[in-house]
Amino acid sequence: MKKSGVSTKCVHSGDLIDDKFKGATSPIFPSTAYDFVDVEEDRYPRYFNTPNQKALSKKIADLENCESALLFSSGIAAIYTSLFSFIKSGDHVIFQSSIYGGTLNLVIKEFKKFNIEYSLVDSFVVNDYEKEIKNNTKIIFVESPSNPLLKIIDLNAIANLSKKYNLISIIDNTFSSPINQNPADFGIDIVLHSATKYLGGHSDILAGTLASSNSNIDKIIESSINYGGNLSEYTVWLLERSIKTLSLRVKKQNENAIKIAEYLTTLDKVKSVYYPGLKSHSDHELSKKQMKGFGGMLSFELSDLDTAILFTRKLNLVKSAMSLGGVESTLCSPSLTSHSKISKAERENLGIFDGLLRFSIGIEDSEDIIDDLNQAFEKL
Ligand SMILES: Cc1ncc(COP(=O)(O)O)c(C=O)c1O
């Protein structure tokens, strides 16, 4: 049978049919108590198997070209559940060092309590990951594009390395969304999202997802039931509704982002622009190979922190906000938010200078976003 296109998957995959009243949208089944007599399986929200959970999980799995998926109460719940489903005391995990700050915090604060070792690799060269592999290594965890400099790692090479040493490869695919990148197509084992960002898309839902093979999901579900990080039925329903427009939103964000990135490169007041869609980006060729769209995230650098803050204050349409992936354009200073817990020297070592602003492009008209940026630049 012909496979559906991605926009059709967003609207229809995993449709929960309203047989009773023939409504066009999915009904909500909020029950936490289900019959236990003559049933195929015990149904309970914390078992990740209610009708709404199953329907939306099917949509996520289809969008990520995976066999199966699970929904969580936050991105970080999806992240810790996937990690702790595969590791035990004495094991070792390799992380790309430029991952989401909350994931780093989880690793640094929690792993030592359970005697789990880790290595942080400050590199996008896959050989540097191979150097860190030890007898007790179980997982390689990456994020691409990275936060906030939008650097790209070769997904196929990471997947092959993981297979060579019998490791699980995990990617946080939040920045791309399933519209722009499907890591499973390159052999990555587990694909995570903070659904709080692009999947939810309206800055009003906290959720997480993971997608993988049936056998990995069977293993993860055993632990998930114990950790209890499932998503509430009402939020499952809202997230399903949001994802119906995911493809439209992300395509508009991609279109806006390249226009804004190009505009920013023309300005003397902007020292650098980081966007994988720009030919000048160090990983442009690799991103063309593994991304279907370059995404709605970009960063640009002004002279210093004071200028960056002054610029942020002068914006009218674009809001200052710590999150990303919403329909509205927002920006934030990594030095004051995601990377505030590391020293200025360490930040600069990573290429994150205080004048850097991370920009989450919304779905407004690009001309209006550029007008707003322009009037703010004129006031510097
Ligand atoms: C890339 C990325 N991954 C994971 C997370 C964590 O997601 P949540 O806040 O939904 O737990 C975030 C949150 O900002 C993020 O930006």
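Each ligand, and each atom within it, is numbered from 1 in the order the structure gives. Because the structure is a prediction, the values reported are computed rather than measured.
- Other residues, nucleotides and ligands place more than 12 heavy atoms under 6.0 Å from the NZ atom of Lys163.
- Judged by a 6.0 Å distance limit and a 45° cone about the ring axis, Lys138 is not positioned over the six-membered ring of Phe86.
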Check ligand 1 for close polar pairs with the protein: N or O on both sides, less than 3.5 Å.
| from | atom 1 | to | atom 2 | distance (Å) |
| --- | --- | --- | --- | --- |
| ligand 1 | 3 (N) | Asp172 | OD2 | 2.6 |
| ligand 1 | 7 (O) | Ser194 | OG | 3.0 |
| ligand 1 | 10 (O) | Gly75 | N | 2.9 |
| ligand 1 | 10 (O) | Ser194 | OG | 2.9 |
| ligand 1 | 10 (O) | Thr196 | OG1 | 2.6 |
| ligand 1 | 11 (O) | Gly75 | N | 3.0 |
| ligand 1 | 11 (O) | Ile76 | N | 2.9 |
| ligand 1 | 14 (O) | Lys197 | NZ | 2.8 |

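- Summarising the local packing, OH of Tyr44 is surrounded by 12 or fewer heavy atoms from other residues, nucleotides or ligands at distances under 6.0 Å.
- Taking each heavy atom of Pro145 and Met291 in turn, the nearest pair found is CG-CE, 3.8 Å.
- The environment of Lys219 atom NZ is sparse: at most 12 non-hydrogen atoms of other residues, nucleotides or ligands sit within 6.0 angstrom.
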Donor-acceptor pairs are to be reported for all side-chain atoms of residues 324-331 against protein atoms at under 3.5 Å, with residues two or more places apart or in another chain.
| from | atom 1 | to | atom 2 | distance (Å) |
| --- | --- | --- | --- | --- |
| Glu328 | OE2 | Ser203 | OG | 2.6 |
| Ser329 | OG | Gly362 | N | 2.8 |
| Ser329 | OG | Glu364 | OE1 | 2.8 |

